[in-house]
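We use all heavy atoms of the structure for the numbers below, so side chains are in, but hydrogens, waters and symmetry mates are not. So that the names make sense, note that chain A is the first sequence line, chain B the second, and so on, each numbered from 1.
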Amino acid sequence: MNLVWLALRDYRSYASLDFHPDPGVNVLLGENGSGKTSILEAIGYLATLSSFRRSPDAALVRLGADAAITRGEFSSGPSGAVIEVETPATGRRRVLVNGKGGRSRADVAGVVALVAFLPDDLDLVKRGPAYRRDYIDDVAAQAWPAAATEQTEYDRVLRQRNALLRRDGRSADGATLDVLDERMSELGGVLLARRLAICSLLGPAVSELYADLGEEAEAVDWYYLAAGIGPVEGQPGAAELAGGLRDGLSGARRADLERRTSTVGPHRDDLVISIGGRDARSRASQGEQRSISLGMRLAAFHVLTERRGSAPVLLLDDVFSELDASRGRRLVARLPRGQVFVTSARAEEVPLVGKRWRVVTGEVTAE
Amino acid sequence: MYEAPVQRLIDELARLPGIGQKSAQRLAFHILHIEAEDANRLAGAIVAMREQVRLCRRCFNVTDSEECTICRDLRRDSSEVCVVERAQDIVVVERTQEFRGRYHVLGGSISPIEGIGPDQLRMRELVVRVDDEKIVEVIVATNPTVEGDTTALYLARLLKPLGVKVTRLASGLPVGGDLDYADEITLGRALAGRREL
């Protein structure tokens, strides 16, 4: 999988950019604030239709412009796809995949695979369950494009249920809640089955890569904790999981009516990570957490390479400044061959050989 | 800003679904340049539709009399009812020429986000009809969305205790198309709802 060209109009600080990267390693060098990360963000935006900086769409539009246009062609072996996104400062964005109207994440996930290593990846281990759920869902959506639509459908029914609870509280119509519970169990069961399937592929890869990355002898392990069900072992089917959710939801009905929100379901789950038996979130050192998060991203890369038959596009945003030299070299050694985009403020800290690009506000030139 | 009468029309047109500022301007200037007679006919058609059209007292389809033409048609099978979200969905089902029963327009689907619950939809009226009209089968043709599916499930739970058969339209592949043009979700549903040959 590689990006053949990228064209930006009124995207962040770029009035206009046409970028033809190398199919191998691309190192983007420039001062802080020169717009290196914006290029990586734009590549990620085409692949996921969201900003990895968690910026709202309107923030992507260059100041004073009506809309940002992000276009790019990805090729995978003999097949290719052109993705175009028009992001207006206000209103809905428009997505075209090969000139035809796409609707959702599933449409782009079908044609692009991408893994990004970000400076704040420590959040994956350190912060709340939402970071880990997003990580799992993102890999699942790229492994099975249908999973992206399943996630959207579950979110939709959850929003409907929460709207009913928020508005009516204890007087919410029981029959309507029953039906929403039923739909939420079914869609939640499907979502859970996907998450467990992807976790069973990622888990062993994370443990193995973690062991490879550092000198630490302690083992990394994880389990999936389903809200209202408990820790889930093995891979139960969607129907069985839906059954568990159905019981969980009816058990939580009273509490949900009181608290006017859904307290049970995949939107409250967590992936509990441990290192040498200690909770990684609260009782691991910063260095250990950094290595675990690298292991998680690398595992995503390996699993997706395996599933899709070619290496995803890889983004490394200012990753090496956070790593000591030996860990950086070990990370590079574990990267399968494919197209890579690296940003850095200092050329000497990037242990990768490849085409070098100089980024100066609004322009990218080959060195 | 245009002169007040022009701007007023542009604003009104821009409130219509699917019409933005630019289209509204184009339409307004088009209307400004056509014959006065044509403009009057357009205005008259809008007024007349609003005055003459009402809802069928039985199925809530749009009609210009007490009951719609479908409900009045004695050749139609009164034991089968097809439930749709909106009146315009009836036309879509009618075009198939495959359904010879009657209809029931719910007026939307269950969506707490928009403040629509069963009480805002014509569910009670449907229950009454099932009883009064000796309906044997209710075919739920709500949209295949989260809201449409939720509404279908609600209807099934509401009506089954009355001893009526409740069915849902199948989701699946478009006919005459290639398998590789189907999106994953549609194909997934078609796979889940497969039939033995």
A:Gln160 side chain near B:Thr150 side chain, heavy-atom distance below 4.5 Å: no
I'd like to know whether CG of B:Asp73 has more than 12 heavy-atom contacts from other residues, nucleotides or ligands below 6.0 angstrom. yes
Checking heavy atoms, do the side chain of A:Asn162, its backbone, both or neither come under 4.5 Å from chain B? neither
Measuring from atom CZ of A:Arg183 to atom CG of B:Asp149, what distance do you get when rounded to the nearest 0.5 angstrom? 4.5 Å
Atom pair CD1 (B:Ile113) and CZ (A:Arg166), whose distance is rounded to the nearest 0.5 Å: 8.5 Å
Taking side chain as everything from C-beta outward and backbone as N, CA, C, O, which of these in A:Arg159 sits under 4.5 Å from a heavy atom of chain B? Side chain, backbone, both or neither. both
Shortest non-hydrogen separation from B:Ile116 to A:Arg167 and the atoms involved: N-NH1, 4.4 Å
Please report the shortest heavy-atom distance between A:Val179 and B:Arg157, naming the atom on each side. N-NH1, 4.1 Å
Is it the case that over 12 heavy atoms from other parts of the model lie below 6.0 angstrom from the CZ atom of A:Arg94? no
Would you check if B:Ile110 and A:Thr176 make a side-chain contact, meaning some heavy-atom pair closer than 4.5 Å? yes
Do other residues, nucleotides or ligands put more than 12 heavy atoms under 6.0 Å from A:Glu306 CD? no
Where B:Pro112 and A:Leu180 come nearest, the two heavy atoms and their spacing: CG-CD1, 4.3 Å
